[in-house]
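Structure record follows, encoded as structure tokens.
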Amino acid sequence: MKNHNQDFSYYHLKLQDHIDSSFPERSADLKFIKQRARWAANAYEGAFRSGNHINKCNEIADYILYEGLHFSRFDTIFEVLTYEFSDVFDELEYRDFALKILPECAEIFGHYELTDDFAYTTDYDLLYTELTGFIAIWIEGNGIR
């Protein structure tokens, strides 16, 4: 039981860190984070008891832990800001502005099927261009503050 609690804590912290950095809009969803961490810990334990190598156990647990959490709207906006608007923002302002503009970009994201591997599709380039234009117009009309 002690090991299982340690595994749960490990996966909980690991997922919380990932969500805080790439999905900050979900940082307060503790129910989701705890459930995913529990599933990952259970999967690891089950895989280990089935005789799998530790690397395979980690792979199985990580698959469950991060399912649906590979493509990040926040990271995409952050990337657009850092590459396309580096002359507008100080380095420390990117995260705050990305959080601010994220809800404003919901409609644009809604036009795409955002799967875990979306960043590797040609539609990603279209999304990137669309976000760049939207953000430029938004900044022109609203400013960055």
Side-chain angles (χ1 to χ4, degrees), residues 4 6-48 50-145:
H4 185 70
Q6 289 174 335
D7 290 344
F8 171 76
S9 295
Y10 169 75
Y11 290 114
H12 185 274
L13 291 171
K14 190 174 178 180
L15 182 58
Q16 185 72 58
D17 182 57
H18 179 67
I19 286 179
D20 288 348
S21 66
S22 293
F23 297 87
E25 71 279 10
R26 294 190 76 175
S27 288
D29 192 351
L30 299 179
K31 182 179 177 183
F32 170 78
I33 295 166
K34 286 179 180 179
Q35 182 179 39
R36 271 296 173 90
R38 193 174 311 108
W39 289 350
N42 289 339
Y44 180 91
E45 184 177 341
F48 185 77
S50 295
N52 287 289
H53 188 274
I54 290 178
N55 290 342
K56 184 65 174 174
C57 296
N58 286 327
E59 182 182 316
I60 291 167
D62 282 351
Y63 178 82
I64 290 169
L65 193 66
Y66 296 122
E67 183 179 9
L69 297 172
H70 293 284
F71 180 79
S72 164
R73 295 172 184 212
F74 174 80
D75 286 346
T76 303
I77 292 171
F78 190 89
E79 181 179 352
V80 168
L81 293 174
T82 57
Y83 286 108
E84 306 300 330
F85 298 93
S86 61
D87 58 331
V88 176
F89 294 97
D90 291 331
E91 194 171 316
L92 298 176
E93 295 176 317
Y94 291 125
R95 182 172 174 80
D96 290 339
F97 189 78
L99 281 169
K100 179 179 180 176
I101 195 99
L102 181 60
E104 304 295 329
C105 298
E107 186 177 339
I108 294 169
F109 284 110
H111 296 128
Y112 299 91
E113 187 177 339
L114 303 175
T115 59
D116 276 347
D117 60 351
F118 180 76
Y120 308 106
T121 67
T122 55
D123 280 349
Y124 177 79
D125 296 334
L126 296 172
L127 172 64
Y128 186 96
T129 301
E130 203 172 337
L131 286 171
T132 302
F134 176 80
I135 292 170
I137 292 167
W138 197 93
I139 289 172
E140 188 175 303
N142 299 288
I144 60 171
R145 307 244 184 265

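Scope of the values below: all heavy atoms of this structure, side chains included, with no hydrogens, waters or symmetry mates.
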First locate atom [atom1] of [X], then atom [atom2] of [Y], and finally report the distance between them rounded to the nearest 0.5 Å.
| X | Y | atom1 | atom2 | answer |
| --- | --- | --- | --- | --- |
| Phe8 | Trp39 | CZ | CH2 | 12.5 Å |
| Leu81 | Ile139 | CG | CD1 | 6.5 Å |
| Leu114 | Thr76 | CG | OG1 | 8.0 Å |
| Ile77 | Phe134 | CD1 | CZ | 9.0 Å |
| Glu104 | Leu131 | CD | CG | 12.5 Å |

So which atom in [X] and which in [Y] form the shortest heavy-atom distance, rounded to 0.1 Å?
| X | Y | answer |
| --- | --- | --- |
| Ser22 | Phe74 | O-CB, 3.5 Å |
| Ala47 | Ile60 | CB-CD1, 3.7 Å |
| Phe71 | Ala119 | CD1-N, 4.0 Å |
| Leu69 | Phe23 | O-CE1, 3.3 Å |
| Ala43 | Ala61 | CB-CA, 4.5 Å |
| Leu15 | Ala37 | CD2-N, 4.5 Å |

Residues in side chain to side chain donor-acceptor pair (under 3.5 Å) contact with [X], at least two apart in sequence or another chain:
| X | result |
| --- | --- |
| Thr115 | Asp117 |
| Glu79 | Tyr124 |
| Ser72 | none |
| Asn52 | none |

As a quick check of understanding, evaluate side chain to side chain contact (heavy atoms under 4.5 Å, CB included) for Phe118 and Thr121, giving each step before the final call. CA-CA 5 Å; Phe118 180 76; Thr121 67; 3.7 Å; yes
Any side chain to side chain donor-acceptor pair (under 3.5 Å) pairs touching residues 125-142, not counting sequence neighbours? Glu84-Tyr128, Tyr112-Glu130
What verdict does the side chain to side chain contact (heavy atoms under 4.5 Å, CB included) test give for Asp123 and Glu113, after you've listed the backbone C-alpha separation in whole Å, the side-chain angles of each residue and the deciding distance to 0.1 Å? CA-CA 9 Å; Asp123 280 349; Glu113 187 177 339; over 6 Å; no
Around atom CZ of Phe48, are there more than 12 heavy atoms of other residues, nucleotides or ligands at under 6.0 Å? no
Quick one, Ile54 with Tyr44, criterion side chain to side chain contact (heavy atoms under 4.5 Å, CB included). Give me CA distance, side-chain angles, the key distance, then yes/no. CA-CA 9 Å; Ile54 290 178; Tyr44 180 91; 3.8 Å; yes
Can any side-chain N or O of Arg36 pair as donor or acceptor with the backbone N or O of Tyr11 at less than 3.5 Å? no
Give a yes or no on whether the backbone of His18 and the side-chain of Ser21 come within a donor-acceptor separation of less than 3.5 Å. yes
Mind running side chain to side chain contact (heavy atoms under 4.5 Å, CB included) on Lys14 and Tyr66 for me, showing each step along the way? CA-CA 10 Å; Lys14 190 174 178 180; Tyr66 296 122; 3.1 Å; yes
Pairs of donor and acceptor atoms involving the side chains of residues 24-35, under 3.5 Å and at least two apart or interchain, shall be tabulated with distances.
| unit_1 | atom_1 | unit_2 | atom_2 | d |
| --- | --- | --- | --- | --- |
| Ser27 | OG | Asp20 | OD1 | 2.7 |
| Ser27 | OG | Pro24 | O | 3.3 |
| Asp29 | OD1 | Phe32 | N | 3.2 |

